[in-house]
Structure formats: C-alpha cells, structure tokens
Amino acid sequence: MSETITRFAPSPTGHLHVGGARTALFNWLLARQKGGRFVLRIEDTDAQRSSDEFTRAILSAMTWLKLDWDGEPVYQSQRLPLHREYIDKLLSEGQAYWCHCQAADLEERRRKALAAGGKPKYDGLCRDKNLGPAPGAVVRFRGPEGGETGWNDLIKGSVVFDNRELDDLIILRSDGLPTYNMAVVVDDVAMNITHIVRGDDHVNNTPRQIQLYRALGAPAPYFAHVPMILGADKTRLSKRHGATSVMAYKDMGYLPQALINYLARLGWSHGDQEIFSLDEMKQVFDLSHVGRSAGVFNPEKLNWLNSHYLKETPPDELAELVWPYLEPKGYARPDGAAMAKIMLTVHERGKTLTELAEKAEFYFQDLPTLDTKDAAKILTPENKALLREWMEVLRRPLGGGEFEALLRRVAEEKGVKPGAAAQPLRLAMTGRTASPGLDDILSILGPEKIRKRIEALL
RNA sequence: GGUCCCAUCGUCUAGCGGUCCAGGAUAUCGCCCUCUCACGGCGGGGACACGGGUUCGAGUCCCGUUGGGACUACCA
C-alpha cells in the first residue's frame, strides 16, 4: 500500500529528445494517475559531458510539455557521499571487493578471450585475492556465480538472465566516483522509487541492478522497459533523421499537446482512440497497453495531430501563438479582434504555427510579395482589365455575404467563370493564387488597401 | 561473436483461440463540396515475415528459421 513514486533521470549531456520526452511522459502519467509523486533526477556524474546549460534546457522542455515534477530536481553529483556509504557497506560485507586490474590489461584479456571464442567478461582475477584500496584500484560487485536473475517486466513480461552471463561489474571507479549502475540503484533506493519506467536500452542493466538491490537488502521496484523510437530507416532515432530535440519542434511551430499526444500514441494505445488530452491520458493510461516493439517516428502523423490542435485552438489564443513568428519581421500588430479574424481565415490551412504565420503574412505587408510564377500566369491584358473592373466595384465596403453575388456579376459581365474572375483579384490581394476565401480577405483589408494592392499590379 | 528484446497495411496500431475472407488512424489515390488553397464528406487500394507443431479451430499458444533492434566501458 505504498505510494507510487516514479522518476525521470536524464543525463544533461544534450537536449531533451523525443525518446526521453516519451519516457518522461509515461512516468509522469503513471505517477499522476495513481496520485503519487513524479521526481526528476539529473544524472550529472559525468562532469566531462554534463553541463548546466543542458540541465536548464531539459527543464524548460519539460515545462513546455506541461510535465510538472514534484519537489526540486535532485542532482546526482551531490549525492556522492551517499553512494560511497553504500559501496563501503558492500565492501565490509564482502559483497564487493577491490580489484587492481588495470584498464589496459583488462582490454587485452578481453580481446584474447574474444579471439579464443570466449565471452568478453571480467575473468575474476581479483575476486578472491582479498585486496585493499590502492592507487588506480576499483571496487567490483561480487555477483552470484550461478542461478538466474529475472523480473516480470510491466511491458515486456518475464525476462530472465543466466547469472553466468553477468560479470562482476565495477561499482566504484578508480577516480573515486560510483559507476552508473551503482549510483542509480542507490538513488532509486534512497528516493523510494517504486516504478522504473525507462528505455528499452536498459534491459541489459536490469539484472545487475536487481542483484545490487538484493545485496543492499532493498526490495526491487517494478520495471517497465519502453521500446525505442526509430527513424524512418528503422535505426535508432538520431540527428540524421532530422529534428530529435523537443524544443526544435517548438521552434518549428508544433503545439506541446500535439507532440505529447503523438508520443503517447507511438507505442501506446487505448482501443481506436487517437486524440487524447493530457488529462484524459491520465485517466486511461495503462502500461500493459504499451507495445513491445520499437516504433518509427512518423512526422506526417505528428503533422496531422498538430493541425488538429491548431484547428481547435480559439483564434485569440492562436494569435498569441502565431505572432512571435511574425513580430521579428517588423509588422504592426492589428487589434485583438482583427487578429482573431485573420487567424480564423488561416487556421485550417496549415500544419504548424510557422505555416500559419507564413500563410497570414500578406495581411500585414504593405504590398504582398508577388509569386513570380503565379504573376506571370495571371497578369495577362484581359486579367488587367478584370482588375480595373474589380477596382471600380470594390470602392465601397462590402456587406456580409455580398462578395459572392458580386463575383458572379463580374464574371458574367466579362464572360468568364467565377473562378477565372477571382484569381486576378486573389493575386492582387495576396500575391499568389492560393489563399483563404476572398470574401474574408476583402473585408479584413478594407477598400483603401484593396485599391492600393490592385493599383500596384496595373 | 555472445546475451536479451522484438515481428499485423508504407507508418502508428486494434486484436488477449472461434464474432477477423483482420478494425481504426495516418499517408496515398479517386469523387463530392468549392472563387483558389485548405477544411470537411464519401469511396478505393494496402498487412497477420516464413516453416513446423498444439487444437475441432491460430493473427492470437509452443518450437524453429529469417529479419530487425538493444547491450556487450572505470558513459549514462
């Protein structure tokens, strides 16, 4: 009847990537669903590769995704004394021993064993020598010699390792720092973590960690190993597959709820349902419905979700989200009502905030940027005559729904189809041949701007 | 090489022995709507990797093959 406590434990050696975001999400979901705690632990023991800048970047990405954590983040580098304490305990109990083997020798022996068709594991040379500390020495865990170590994974089911496959892993490096496997176990024990949800790439660490739990006399938590996210070529997702960092998606104009929804559905399902709010997920999330196989990251489906959420966003909110992409260009911002109206005309026509900004840009320009191909095609003498006609007709403001009748009248007078009569006007207003509806555009622009834009083409 | 994991439409998946000549979503194609582009609506094509078992019956259970992936550090 203990409280559910989950954790997300990134190492600050890079930005938060989509795979990390997904495991963070699953941990968050599990804790929030059970009314438990979700804690953040920054695994910064590798001083060489870790940086505060990445720590800050990870925290802000989590915040953007609305994955809130309980309490202050825990920094692993500040817990070294605790790690040492546990290592000393294992040492004094004979569950760990000093090893004087040098890295270079080890490598040589590993190479030979491999060449002889053996396994590249530690040969146990110092295991029974009863050595003490020495410069350059490390501490190894004394693993069981036979038997099996296994667990019932909440995602993968029963997983079992033969203990003979596992060698005596180093728990204290020669520089006095604990190794990853030792530090995680000590911290997870000390932080009372009940469920460890992490990437698939950790399954091979799990049996060793379980042995450490046992040696420490602590009950092992539940483990759930989430499959990897792959790129289109089915190899592990990396930079060469395009953007992998969460904040890169923010910059490209994706909504956090779209990314979250996408990541959740990549590997997890709830019947045929595709759309989930964070709140809804919290209700129905279930580790047993997380798939066991790796999934390919599919930007097209992310796009679909993003446009879905874009369409759902109220226009005034959308204006706030889109404006940052327009502001740097120096445009004057129209009043709230006008902005909302503009948003309404574009919000179904783009997949990202950047696309929306791009599609709305003509409203803000003094004169729209002319698409040269479209212009060349449209600006015939006949169409210029049409534009003159439009200029006459559009001198006064249009009433609601009036454009439709006007378009038919102009088309009939000029003996062309309505579509053909509209295109020159569209080009004049927007600079291209694809745009929102002209009735909306015309009423937003108003007679003065309309006249100016037509004149520019005559 | 060894260990571990995985295998349903291009992609994400539903399916927990019979209701599946396999359902949804996305992508794609076609039609409709229409001042363009979108949106939306309707429809089409598209998958149980292969081989053995078990069973009255297998996408669903077992074994093998093949194919992917992860790990194999004094990195996390």
Side-chain angles (χ1 to χ4, degrees), chain A residues 9-13 43-46 48-50 76 99 101-103 106-107 110 114-115 117-121 136-140 153 155-157 159-162 164-167 169-181 183-184 199-207 225 227-228 230 232 234-236 262 265-275 288-289 291-305 307 311 345-351 359 374 403-404 407-408 411 417-423 425-427 430 432-439:
Chain A
S11 61
T13 54
E43 311 225 318
D44 56 349
T45 52
D46 184 345
Q48 298 299 314
R49 301 194 300 147
S50 300
Q76 195 164 52
C99 171
C101 296
Q102 294 300 303
L106 246 21
E107 198 156 327
R110 216 169 3 235
L114 216 45
K119 297 176 192 305
K121 51 181 271 191
V138 300
V139 175
R140 285 183 186 272
D153 196 280
I155 291 173
K156 296 195 178 283
V159 183
V160 179
F161 283 76
D162 188 324
R164 283 170 302 190
E165 295 296 334
L166 278 16
D167 57 1
L169 78 155
I170 293 173
I171 55 178
L172 184 74
R173 302 196 244 156
S174 57
D175 62 3
L177 292 175
T179 55
Y180 165 74
N181 279 299
V184 211
D200 214 340
D201 47 343
H202 284 289
V203 295
N204 288 286
N205 285 324
T206 308
H225 288 96
M228 302 275 89
L230 274 24
K234 303 217 179 196
T235 65
R236 196 181 177 144
Y262 177 72
R265 275 293 281 107
L266 208 196
W268 172 74
S269 63
H270 183 64
D272 283 340
Q273 189 173 344
E274 296 287 348
I275 305 293
S288 70
H289 282 90
R292 291 151 313 254
S293 56
V296 174
F297 190 89
N298 182 202
E300 318 254 62
K301 191 150 183 180
L302 207 211
N303 280 343
W304 172 70
L305 279 162
S307 44
K311 276 177 264 177
T345 70
V346 294
H347 82 309
E348 282 176 347
R349 293 168 213 269
K351 312 224 175 269
K359 289 197 155 59
D374 288 349
F403 175 72
E404 199 60 34
L407 175 61
R408 271 162 224 296
K417 290 185 172 176
Q423 286 306 70
L425 182 59
R426 185 184 313 283
L427 181 80
T430 71
R432 41 184 122 167
T433 54
S435 80
L438 276 169
D439 45 356

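All values below were derived from every heavy atom in this structure, side-chain atoms included, with hydrogens, water molecules and symmetry-related copies excluded. Per chain, numbering begins at 1; letters A, B, ... match sequence-line order. Fair warning: this is a prediction, and the values are worked out from it, not measured in the lab.
- Comparing B:rC39, B:rC71, B:rC35 by their closest approach to the side chain of A:Leu438 singles out B:rC35.
- The residue A:Pro436 sits close to a base: some heavy atom pair falls under 4.0 Å.
- The separation of B:rC42 from B:rA7, taken at their P atoms, amounts to 33 Å, rounded to a whole angstrom.
- Taking only side-chain atoms of A:Leu407, from C-beta outward, the nucleotide of B:rC12, B:rC35, B:rA76 with the closest atom is B:rC35.
- If you check every strand for non-hydrogen atoms under 4.0 Å, A:Thr206 touches nothing.
- Listed nucleotides B:rU36, B:rG2, B:rC75 differ in distance to A:Glu165; the shortest reach to its side chain belongs to B:rG2.
- To the nearest 0.5 Å, the span separating NZ on A:Lys351 from NZ on A:Lys311 amounts to 7.0 Å.
- Between the side chain of A:Asn204 and the base of B:rC5 there is no donor-acceptor pair of N/O atoms closer than 3.5 Å.
- Across the protein-nucleic acid pair, A:Asp167 atom CG and B:rC71 atom P stand 17 Å apart, rounded to whole Å.
- When the P atom of B:rU13 is taken as reference, atom CZ of A:Phe297 falls 13 Å away, rounded to whole Å.
- The pairing partner recorded for B:rG10 is B:rU26, the criterion being a Watson-Crick or G-U wobble arrangement whose two distances lie under 3.5 angstrom.
- Listed nucleotides: B:rA27, B:rU36, B:rC12. Nearest to the side chain of A:Leu266: B:rC12.
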**Request:** Could you please spell out the steps behind the salt bridge (Lys or Arg N to Asp or Glu O under 4.0 Å) verdict for A:Lys119 and A:Asp167?
**Result:** CA-CA 10 Å; A:Lys119 297 176 192 305; A:Asp167 57 1; over 6 Å; no
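- Within the nucleic acid shown, A:Asp439 comes within 4.0 Å of at least one base atom, counting heavy atoms only.
- Side chain of A:Asn298, nearest nucleotide from B:rG10, B:rC74, B:rC71: B:rG10.
- Judged by distance alone with a 3.5 Å cut-off, no donor-acceptor contact links the side chain of A:Arg292 to the base of B:rC6.
- Checked by atom type and distance alone, the side chain of A:Arg265 never pairs as donor or acceptor with a backbone atom of A:His270 at under 3.5 Å.
- Between the CG atom of A:Leu169 and the C1' atom of B:rU3 there is a distance of 16 Å, given to the nearest Å.
- Heavy atoms of A:Arg164 sit nowhere under 4.0 angstrom from any nucleic acid atom.
- At the heavy-atom level, A:Glu404 lies under 4.0 Å from base atoms of the strands shown.
- Comparing B:rU13, B:rA76, B:rU11 against the side chain of A:Arg49 picks out B:rA76 as the nearest.
- Side-chain nitrogen and oxygen atoms of A:Arg173 include at least one within less than 4.0 Å of the OP1 or OP2 phosphate oxygen of B:rC75.
- Side chain of A:Arg426, nearest nucleotide from B:rC35, B:rG1, B:rA76: B:rC35.
- Using the Watson-Crick or G-U wobble rule with both distances under 3.5 Å, B:rU19 pairs with nothing in any strand shown.
- Nucleic acid contact for A:Val184: none, since no nucleic acid atom lies under 4.0 Å from a heavy atom of the residue.
- B:rA22 and B:rU13: their C1' atoms are spaced 13 Å apart (whole Å).
- For A:Asp153 (side chain) and A:His225 (main-chain N/O), a donor-acceptor pair under 3.5 Å exists by modelled atom type.
- Side-chain atoms of A:Glu274 lie closest to B:rG24 of the nucleotides B:rC5, B:rG24, B:rC75.
- Summarising the geometry, the separation between NE2 on A:His289 and P on B:rC12 is reported as 18 Å, rounded to the nearest angstrom.
- Contact annotation: side chain of A:Gln273 to base of B:rG24, donor-acceptor pair absent below 3.5 Å.
- Checking A:Arg265 against A:Val160, the closest nucleotide of RNA chain B that is more toward the 5' end is the one next to A:Val160.
- Checking the phosphate oxygens (OP1, OP2) of B:rG40, a side-chain nitrogen or oxygen of A:Lys311 falls inside 4.0 Å.
- Between the side chain of A:Arg349 and the base of B:rC37, at least one donor-acceptor pair of N or O atoms lies under 3.5 Å.
- Nucleotide B:rU34 holds its P atom 17 Å from the CD atom of A:Glu348, rounded to whole Å.
- In this structure, B:rC4 and B:rG69 make a Watson-Crick or G-U wobble pair, each of the two defining distances being under 3.5 angstrom.
- A:Val296 comes within 4.0 angstrom of sugar-phosphate atoms only, judged by non-hydrogen atoms across all strands, and of no base.
- Between A:Thr45 and the phosphate of B:rA76, there is a side-chain N or O to OP1/OP2 separation shorter than 4.0 Å.
- Nucleic acid contact class of A:His202 (heavy atoms, under 4.0 Å, all strands): base.
- Atom P of nucleotide B:rC12 and atom CE of A:Met228 are separated by 15 Å, given to the nearest angstrom.
- You'll find that the side chain of A:Gln76 is closest to B:rA76, out of B:rC35, B:rG2, B:rA76.
- Here A:Gly136 lies in heavy-atom contact (under 4.0 Å) with a base.
- Note that the CD atom of A:Glu274 and the NZ atom of A:Lys301 stand 3.5 Å from one another [nearest 0.5 Å].
- The OG atom of A:Ser435 lies 7.0 Å from the CZ atom of A:Arg349; values are rounded to the nearest 0.5 Å.
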**Request:** Evaluate side-chain contact (heavy atoms from CB on, under 4.5 Å) for A:Tyr262 paired with A:Phe297, printing each intermediate quantity in order.
**Result:** CA-CA 9 Å; A:Tyr262 177 72; A:Phe297 190 89; 3.5 Å; yes
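- Closest to the side chain of A:Glu43, from the set B:rG24, B:rA76, B:rU36, is B:rA76.
- Residue contacts for A:Asn205: at a heavy-atom cut-off of 4.0 Å it reaches a base atom on one of the strands shown.
- We find the CG-OG1 distance between A:Leu438 and A:Thr345 to be 11.0 Å, quoted to the nearest 0.5 Å.
- Put simply, CG on A:Leu427 and OG1 on A:Thr433 are 7.5 Å apart, with the number rounded to the nearest 0.5 Å.
- Note on A:Cys99: nothing from the nucleic acid sits closer than 4.0 angstrom, heavy atoms only.
- As rounded to the nearest Å, B:rA47 and B:rU11 have P atoms that lie 12 Å from one another.
- The base of B:rC6 has none of its N or O atoms less than 3.5 Å from a complementary donor or acceptor on the side chain of A:Ser293.
- At least one side-chain nitrogen or oxygen of A:Ser269 sits closer than 4.0 Å to the OP1 or OP2 atom of B:rA14.
- OP1 and OP2 of B:rU13 both lie 4.0 Å or more from every side-chain N or O belonging to A:Lys301.
- A distance of 9.5 Å separates OG of A:Ser11 from CD of A:Gln76, quoted to the nearest 0.5 Å.
- Among the atoms of the strands shown, none is found under 4.0 Å from any heavy atom of A:Gly291.
- Of the two residues contacting RNA chain B, namely A:Arg140 and A:Asp272, the nearest-nucleotide position lying further toward the 5' end is that of A:Asp272.
- To the nearest angstrom, P of B:rC29 lies 11 Å from CD of A:Glu300.
- Here the P atom of nucleotide B:rC75 and the OH atom of A:Tyr180 are 13 Å apart, to the nearest Å.
- OP1 and OP2 of B:rU36 both lie 4.0 Å or more from every side-chain N or O belonging to A:Arg432.
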